[in-house]
Trainee: 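Dropping the structure in here first, questions after.
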Amino acid sequence: MKKTTFDAFPHSSKEDWIRQVLQDIRGKDFEATLTTINPDGIRIQPCYTEEDTVSGLEGYRNAFHPNPEIPGIPPRIWANVGTFEVEDEKVSNREILHALMNGIDGIFLKIDGPIDWATLLKDVGIQYIKVYLETEGSVLELWESFKSWIQAAGIKPAELHGGIIWDGFVQALQYPLEKEDIYVNAASLLASVKAYPDFRPLAIRFSHYHQAGATAVQELAYGFASFIELVDGLEKHGISPADLFSNCFVCIEAGGDFFGEIAKIKSARVIFHQLATLYGVSMEPAMVEIFVGTSNWTKSTWDVNTNLLRNTSEAMAAIFGGCNALAVGTHDFSKADFSTRMARNISNILKEESFLDKVVDPAAGSYYLEALIREILGKVKSKLIDIEKIGGWWQAFESGQMQNEIRAARGKSMVAVLEGKSPKIGSNKFAPNESRPNVELPQEQVWQLLPWRETLLFEHQNQNPA
């Protein structure tokens with residue numbers, strides 16, 4: 001008879017654990033002492049047991065990507081993506097080549113205006129890396145110019161990997177844009193990129209809602225509400241849900257609530273897959289592509305070294321949550337050599353020294369995380385139903401309901417930092433004595449949602465006088 005180490009320990013139920021907890025806190029109120037409520041109203045318990053295991057999530061465990069085809073490749077794969085704001089093609093080319101020689105295997109190019117691709121990507125073997133593009137200008141012009149260079153360079157369609165981080169609905173939160181223009185641009189992109197099977201031209205930019213101060217449930221609900229609107233709108237343009245789901249990826253940011261962010265990212269995969277099923281699209285959970293960046297919302301401009309710790313924990317949450325690509329931002333918001341080196345090395349250290357690539361899904365089956373995912377899924381579903389009842393994402397946008405809700409959540413978080421109720425190391429706790437940079441609050445119009453930071457109000461009110 002085979003025995004295990006745990007045979008000597010009797011089974012303890014959730015009731016047994018709670019009984020022991022009550023005994024240990026010696027008459028104190030259980031709820032007030034040991035439970036917390038997160039910004040989405042989810043009650044966090046002090047302990048979770050097998051009784052909290054969520055049925056229905058088994059198929060999403062260890063389903064972050066297809067199994068490696070090459071023998072010897074570690075089971076957990078993610079691209080270490082370097083971010084480059086392109087202003088001078090020659091300068092950016094040197095930066096890209098240097099970063100590729102020192103640990104990245106993906107590039108995220110932020111481009112504004114016409115670009116000389118031959119100069120920018122000289123000697124860059126894009127067949128072997130992931131390429132992500134973003135522009136504040138015309139996304140169609142960006143893609144057509146990039147495609148022209150690809151064809152001239154003799155790169156085969158199957159050799160291009162990555163995508164375009166473009167979400168027309170998020171653009172409408174920043175610049176005046178008509179809904180029909182979003183559909184036309186999306187349809188044109190899908191048609192033009194159709195020949196490139198591993199390059200996705202559309203993204204659901206949950207990251208923008210996060211940067212604007214939304215809670216996790218708001219972020220997921222409004223992001224998916226816009227995607228539902230896109231699916232329905234593109235069907236009128238002759239584009240099937242199957243074409244859209246296979247050509248869209250998730251773009252999300254990992255924030256400061258470590259376990260909550262793991263659950264949020266995992267929930268995004270679950271909801272994307274379940275939406276596909278509702279639309280009759282057959283796809284495996286592992287085929288959902290997730291691009292994760294570290295959060296700007298959580299960062300401070302005062303004690304920037306603390307941002308290194310924030311970036312590290314956020315990168316870990318991204319990996320445990322199932323990212324396929326990880327872009328770690330610089331801790332001091334600069335392009336300095338040291339800053340970019342630290343950003344790319346966080347991902348490498350977590351892989352090469354912490355061995356996070358040796359286990360596909362270390363959080364699989366976690367009682368706490370799966371209970372948290374269950375709560376998030378339920379609240380997002382309820383929120384989506386409410387959004388659909390009022391007419392969908394666009395109606396929530398035009399009425400201002402969405403902006404007001406997210407501003408309320410943002411304001412609550414920022415005031416908590418301002419009043420010291422939410423500790424932020426390097427800002428309202430252990431603030432540096434040296435000169436503090438002046439910061440300005442974003443000038444946000446009533447119909448807009450712009451990026452902010454959680455410490456921004458505190459820094460603005462406590463900065464050095466001009």
Side-chain angles (χ1 to χ4, degrees), residues 21 25 28-47 207 209-222 253-264 294-314 316-317 331 333 368-369 371-372 375-376 379 383 402-434 436-442 444 449-465:
V21 168
I25 63 176
K28 293 180 181 178
D29 182 83
F30 177 86
E31 293 291 328
T33 306
L34 295 176
T35 66
T36 58
I37 299 177
N38 77 3
D40 284 306
I42 297 173
R43 188 175 298 278
I44 309 299
Q45 300 290 339
C47 64
S207 55
Y209 304 96
H210 173 80
Q211 292 170 6
T215 67
V217 168
Q218 289 174 338
E219 181 182 343
L220 293 176
Y222 281 114
E253 285 190 356
D257 179 6
F258 183 70
F259 292 106
E261 295 301 297
I262 296 173
K264 181 184 79 176
T294 52
S295 171
N296 281 330
W297 166 255
T298 62
K299 302 302 183 292
S300 166
T301 61
W302 286 7
D303 182 10
V304 294
N305 291 330
T306 305
N307 292 336
L308 284 168
L309 302 177
R310 296 185 176 111
N311 275 343
T312 303
S313 64
E314 289 163 11
M316 289 177 64
H331 64 285
F333 313 98
Y368 169 43
L369 281 173
L372 189 52
E375 294 288 338
I376 291 173
K379 285 186 173 290
K383 185 69 177 172
M402 172 173 50
Q403 298 93 314
N404 291 336
E405 284 184 9
I406 293 176
R407 284 196 192 101
R410 173 209 298 165
K412 189 174 181 179
S413 295
M414 295 179 76
V415 169
V417 172
L418 180 64
E419 295 177 348
K421 297 176 182 177
S422 178
K424 294 291 287 190
I425 304 300
S427 293
N428 62 8
K429 295 289 183 183
F430 310 109
N433 293 322
E434 61 266 24
R436 301 166 179 175
N438 293 335
V439 295
E440 296 298 328
L441 301 180
E444 186 178 71
L449 271 180
L450 300 181
W452 291 62
R453 289 183 298 102
E454 191 176 22
T455 60
L456 195 56
L457 187 60
F458 179 87
E459 292 172 2
H460 179 72
Q461 294 198 15
N462 293 276
Q463 61 192 359
N464 292 330

Trainee: Walk me through whether Y209 and Q218 qualify under side chain to side chain contact (heavy atoms under 4.5 Å, CB included).
Mentor: CA-CA 8 Å; Y209 304 96; Q218 289 174 338; over 6 Å; no
Trainee: In terms of ring plane angle, is the pair W297 and H210 parallel, tilted or perpendicular, where the classes change at 30° and 60°?
Mentor: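 W297 and H210: perpendicular rings.
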Trainee: How many angstroms lie between CD in Q211 and CG in L449, if you round to the nearest 0.5 Å?
Mentor: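 So the CD of Q211 and the CG of L449 are separated by 11.5 Å.
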Trainee: Go through the side-chain N and O atoms of D303 and T306 and say whether any donor and acceptor fall under 3.5 Å apart.
Mentor: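 A pair is found: one side chain offers a donor N or O, the other an acceptor, under 3.5 Å apart.
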Trainee: Under a 3.5 Å distance rule, please check whether D29 uses its side chain to pair with a backbone N or O of A32 as donor and acceptor.
Mentor: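 Flag set: sc D29 to bb A32 pair under 3.5 Å.
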Trainee: Taking side chain as C-beta onward, heavy atoms only, is N307 less than 4.5 Å from R310?
Mentor: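 The answer is yes; the side chains approach within 4.5 Å.
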Trainee: Measure the shortest side-chain to side-chain distance between L441 and L456 over non-hydrogen atoms and say whether it is less than 4.5 angstrom.
Mentor: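 Contact flag for L441/L456 side chains = yes.
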Trainee: With side chain to side chain contact (heavy atoms under 4.5 Å, CB included) as the test, would you mind laying out the steps for L457 and W452 before giving the verdict?
Mentor: CA-CA 9 Å; L457 187 60; W452 291 62; over 6 Å; no
Trainee: Between T455 and S300, do the side chains contain a donor N or O and an acceptor N or O under 3.5 Å apart?
Mentor: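 Distance-only check fails for S300 and T455.
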Trainee: Which atom names give the shortest non-hydrogen contact between R410 and A212, and what distance separates them?
Mentor: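 That closest heavy-atom pairing would be NE-O, 2.8 Å.
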Trainee: If the threshold is 4.0 Å, N to carboxylate O, is there a salt bridge linking R407 and E444?
Mentor: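 Counted as a salt bridge, because a side-chain N and a carboxylate O are separated by less than 4.0 Å.
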Trainee: Within the supplied structure, the quantity of interest is the number of heavy atoms (other residues, nucleotides, ligands) at a distance under 6.0 Å from F259 CZ; does it exceed 12?
Mentor: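 Check fails, neighbour count at 12 or below.
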Trainee: Does V439 offer a backbone N or O that forms a donor-acceptor pair with the side chain of H460 under 3.5 Å?
Mentor: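 Answer holds: yes.
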Trainee: What I'd like to find out is whether the side chain of E261 reaches to under 4.5 Å of the side chain of E253, using heavy atoms alone.
Mentor: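 E261 does not reach E253 side chain to side chain.
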Trainee: If you take all heavy atoms of P442 and P451, which pair is closest and at what distance?
Mentor: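 It is CG-O, 3.6 Å.
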Trainee: Is there side-chain contact between P46 and T35, with at least one heavy-atom pair below 4.5 Å?
Mentor: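 The answer is yes, as the side chains (C-beta and beyond) meet within the 4.5 Å cut-off.
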Trainee: Closer than 3.5 angstrom, by distance alone: can the side chain of T33 be matched with the main-chain N or O of F30 as a donor-acceptor pair?
Mentor: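 No, because the side chain of T33 does not come within donor-acceptor range (under 3.5 Å) of the backbone of F30.
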Trainee: Checking side chain to side chain contact (heavy atoms under 4.5 Å, CB included) for the pair L369/I262: CA distance, chi angles, key distance, verdict?
Mentor: CA-CA 8 Å; L369 281 173; I262 296 173; 4.0 Å; yes
Trainee: Heavy-atom distance under 4.5 Å between the side chains of W302 and F430, does that happen here?
Mentor: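 The answer is no, as the side chains (C-beta and beyond) never meet within the 4.5 Å cut-off.
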Trainee: From L308 CG over to S313 OG, what is the distance, rounded to the nearest 0.5 angstrom?
Mentor: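 Here the interatomic distance stands at 11.0 Å.
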Trainee: Using distance alone, with no hydrogens and no angle criterion, decide if E454 and T298 have a side-chain donor and acceptor under 3.5 Å apart.
Mentor: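 There is no such pair (donor and acceptor under 3.5 Å, judged by atom type) between the side chains of E454 and T298.
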Trainee: Any donor-acceptor pair under 3.5 Å linking the side chain of D40 with the backbone of I42?
Mentor: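 Such a contact is absent between D40 side chain and I42 backbone.
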Trainee: Heavy atoms only: give me the nearest E219-S207 pair and the separation to one decimal.
Mentor: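 Smallest interatomic distance, heavy atoms only, reads OE2-N, 4.5 Å.
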Trainee: Give, for atom CD of E459 and atom CD of E440, the distance between the pair rounded to the nearest 0.5 Å.
Mentor: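 If we round to the nearest 0.5 Å, E459:CD and E440:CD are 12.0 Å apart.
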Trainee: With sequence neighbours excluded, tell me which residues meet side-chain hydrogen bond (donor to acceptor under 3.5 Å, both in side chains) with N311.
Mentor: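 N311 satisfies side-chain hydrogen bond (donor to acceptor under 3.5 Å, both in side chains) with T294, K299 once adjacent residues are dropped.
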Trainee: Checking side chain to side chain contact (heavy atoms under 4.5 Å, CB included) for the pair T301/R453: CA distance, chi angles, key distance, verdict?
Mentor: CA-CA 10 Å; T301 61; R453 289 183 298 102; 3.3 Å; yes
Trainee: How close do G426 and P432 get, heavy atom to heavy atom, and via which atoms?
Mentor: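 Heavy-atom minimum between the residues: O-CD, 3.3 Å.
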Trainee: Would you indicate whether the side-chain heavy atoms of I37 and I44 approach each other to under 4.5 Å?
Mentor: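 Result no, sub-4.5 Å side-chain heavy-atom pair not found.
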Trainee: Are any of the side-chain heavy atoms of M316 and E314 separated by less than 4.5 Å?
Mentor: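 Not in contact.
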Trainee: Using 0.5 Å steps for rounding, measure from the CG atom of N38 to the CG atom of L372.
Mentor: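 N38 atom CG to L372 atom CG measures 7.0 Å (nearest 0.5 Å).
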Trainee: At what distance, to the nearest 0.5 angstrom, does OG1 of T215 lie from OH of Y222?
Mentor: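 Here the rounded value is 9.5 Å.
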